[in-house]
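Sequential numbering from 1 along the given sequence is applied to the chain's residues.
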Amino acid sequence: MFRNYVKIAVRQLSKNVTFSFINIAGLATGMAACMLLLLYIRHEMNYDRHHYRSGDIYLVNSEAVLSTGAKEEYPALSAPYASALTTAFPEIMQAARLYVMEEKTLLGIPGQPATAFYEKRGCQADTSFFSLFAYHFSEGDARNALREPGSIVLSATVAKKLFGDKPALHKIITLNGKETYRVSGVYRDESGRSHIDARFFIPLGSGWMGHFLRQPQHYAGNNIFYTYLRLHPGASAARLNRKLPAFMEQHAGAELKAAGFSKRIFLTPVHNLHLHDQLGTIVTATNSRAYLYMLASVALLILLIACVNFMNLSSARAVRRAAEVGIRKVLGAKKGELIRQFMGESLILALLALGVAFLLVWLVLPLFSQLTSRELSSALLLQPGVITAFILLAVLTGIVSGSYPAFFLAAFKPISVLKGRYANTMHAISFRRGLVVFQFVIAVGLILAAMVIRDQMHFIRHQPLGFQQDQQVVLPLNSEAAQQAYTGIRNSMLQHQQVLGAAGAVYYPGISNPTDFSFYRPDQTVNDIQHVRINQVAPELLETMGFRLAAGRGFTPADTFRNMIVNETTLRKFNIPADKAIGYKLNFDWEGVTYPYQIIGVVKDFHFEDLHKTITPYAFLTQPAGFNYLIVHVQTADMPETIASLAQQWKTIIPEEPFEYSLLQEDFQRNYHADLQTSRLLDFFTGIAIFISCMGLFGLAAFDAQQRIREIGIRKIMGGSVLHITTLLSKDFLRPVITAILIAGPLAGICMQHWLNNFAYHTHVSGRTFLLAAMIAITMAVLTTGMQALRAALSNPVKNLREA
């Protein structure tokens, strides 16, 4: 019987090549899109699951609570927590702290200045770090790699940049031109699998950090360490969480109370960190769980569109198989047997489509990897679990898409069929139009979503940030030699005729700035503190970057570290009247000593973080040197030539160090990487959804024209024009498309407004966006159906009547 079903299915496929092609192509495209998105989602949800007993590894997260009731989640703690937690709780097996170094670190080989280069994401870690986290070493021993203070562990990429294909183990390298380290290990890059995308590690006891940790440590300040715990097998994180408030009260309560705030700590599973987007960055940037839900929904919707196409075309063509059904029933076929036959044909078609989908995914995966900025290897497709999942997907697709046609065909009454009363009923026509509405609701919704995301991306790219972001060149000064040469480098840059200004800063807008002070007004106490983000800058920075003064003055060389310039939000936060701000003092307490800071100027509010976040209190302090970056404002139409000239001036002063730069505007836009990636993905898959929808509409239009061939012939003989017949055939398909637009518009608008609310500053869903989405959908429908309608209208009426 099964072989009989297969023969019939093959016969039907070969008899109707056009419809078979549309069905298989639609299902294959839908399944391929779904498979690509599932591979991406699987990749994102598998971060940090490769570690040994990853379910027992946790980050100690924290939430600070100010006296005002404001709460701020922060994933880093001060140094004493790791040791105190391990001592207090026997269920903790190990602890390790991690400190992420400056934005860029200069690496090189002693005596070989040509090998030096800047590298991002260097880390310092406890000796137990590689016992908690699985890094696959190609050289050295992971267990002992960080035991010596002067050791360094390199990623394979960094080792290759330094030593080429030669072994790196036991070689000597320099950090920032002053400290020497011996390579104790090389590990394979884990960038695609871990939230700790580090390029190298040195022991926590090395360098200035070692000196810092030998000083008395406190629970209230210096929250710069990510603290990880591994629990003993069977230990309950939930029970441990319930014990942590008592721990905080015993160990940190007095210090936190004296500092004017309270804090709770709690455990966050390590394998959840990559999708913990509320924190934005945990060592490296997180992804959004909401975006994954959105993409999973898109995958499901595209697959549904493909299934709807199959159902629509199969039910439309049911009249061609009605006689077959009637004869089979007269000969004794049961309804259940017919359902199994048609469902079997649907499953065979779905499995054929699966084969085509696998080929499409194989071909498109390299492009998709570039689109998602992820290393999605084609080897993933050959994993047994992935193959099984895709086969199940094909079976589910076959069942869903074949269910209605199977029951629809099996329900035909043999007497009516054999008498010829089986033609398209109003019920069948209405159902097919309903399916067209359904699939275009999805397509129009995706079009609208893609357009809203594009509008928001345009908005954040062109939103004024409150300072001059264009043509600001950022030069890192992370080495001791570069910091000592700051004045000479700056003066040399200023001699260039295209340079409008140059100034140093510890941080600049768009990058992470973890430094803050806890201030309170003179008429308040330490219990009324408010956190203010702090940046130490050269006196010329505000003018160089174009910050606008709202009151007071900028810095001069005579200003001390206790003079500060604040933003307008700071005044509002402390309820300081704008006309009384200049000369006003805010107090900062440290180790029982009160330090007053005087406001000498107020700058208009500016965005120092991305537009997901609201502007918070910010203050500039001035210092003569010790900057991490030199900001150079240039005015040129030929940026490459100007950069080359700046590089030559740099090499004149410090020839032993490489010249590296970035553009501030590009650095700021990197904060929207996840949003831009989602926008690109949605554009890509919206195009696929439109393609599948139009393919189905094309098939229905072709079938409708075929069914009305006699009517078309008579109308042409009676004088009907080509335009009249084309319009007549097309309008039946435009009605459901217009209905879909009216339904999809409000639904998609509500969903996208909710998405926009994730940004503190955003555009809005406009009527223009609705209109443009509607025009795109209508245009695609007209072009798709119009081709078939025009072809039918131009056909020979005599031939049509003869073949009808």
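- In this structure, F620 has its ring center no closer than 6.0 Å to that of F555.
- Contact check for F266 versus N61: side-chain heavy atoms found under the 4.5 Å cut-off.
- Taking the charged nitrogens against the carboxylate oxygens, R521 and D528 have no contact shorter than 4.0 Å, which rules out a salt bridge.
- Within 6.0 Å of the CD atom in E543, the count of heavy atoms belonging to other residues, nucleotides or ligands does not exceed 12.
- We find the CG-CZ distance between L107 and R199 to be 11.5 Å, quoted to the nearest 0.5 Å.
- Ring pair F759/F459: centre-to-centre distance not below 6.0 Å.
- Between Y618 and F606, the ring centre distance stays below 6.0 Å.
- Among residue pairs with one or both ends in residues 545-565, those qualifying as side chain to side chain donor-acceptor pair (under 3.5 Å) are R553-D559, T556-D559, D559-N563; sequence neighbours excluded.
- H607 pairs with exactly one of N671, I460, I615 by the side-chain contact (heavy atoms from CB on, under 4.5 Å) rule, that one being I615.
- H531 and D516 make their closest contact through ND1-OD1, 4.1 Å (heavy atoms, listed as atom of the first residue, atom of the second, distance).
- A cation-pi arrangement, defined by a distance under 6.0 Å to the six-membered ring centre and an angle within 45 degrees of its axis, is absent between R97 and Y99.
- In this structure, S262 has no side-chain hydrogen bond (donor to acceptor under 3.5 Å, both in side chains) partners at least two apart in sequence or on a different chain.
- Heavy-atom minimum distance, K585 versus P596: CD-CB, 4.3 Å.
- Of the options L549, I576, V566, T570, a side-chain contact (heavy atoms from CB on, under 4.5 Å) to V602 is made by V566 and by none of the others.
- Taking a 6.0 Å sphere around CD of E249, one finds it holds 12 or fewer heavy atoms contributed by other residues, nucleotides or ligands.
- Heavy atoms of other residues, nucleotides or ligands lying less than 6.0 angstrom from CD of E179 number more than 12.
- Between Y219 and F247, the ring-plane angle classifies as perpendicular under the 30° and 60° cut-offs.
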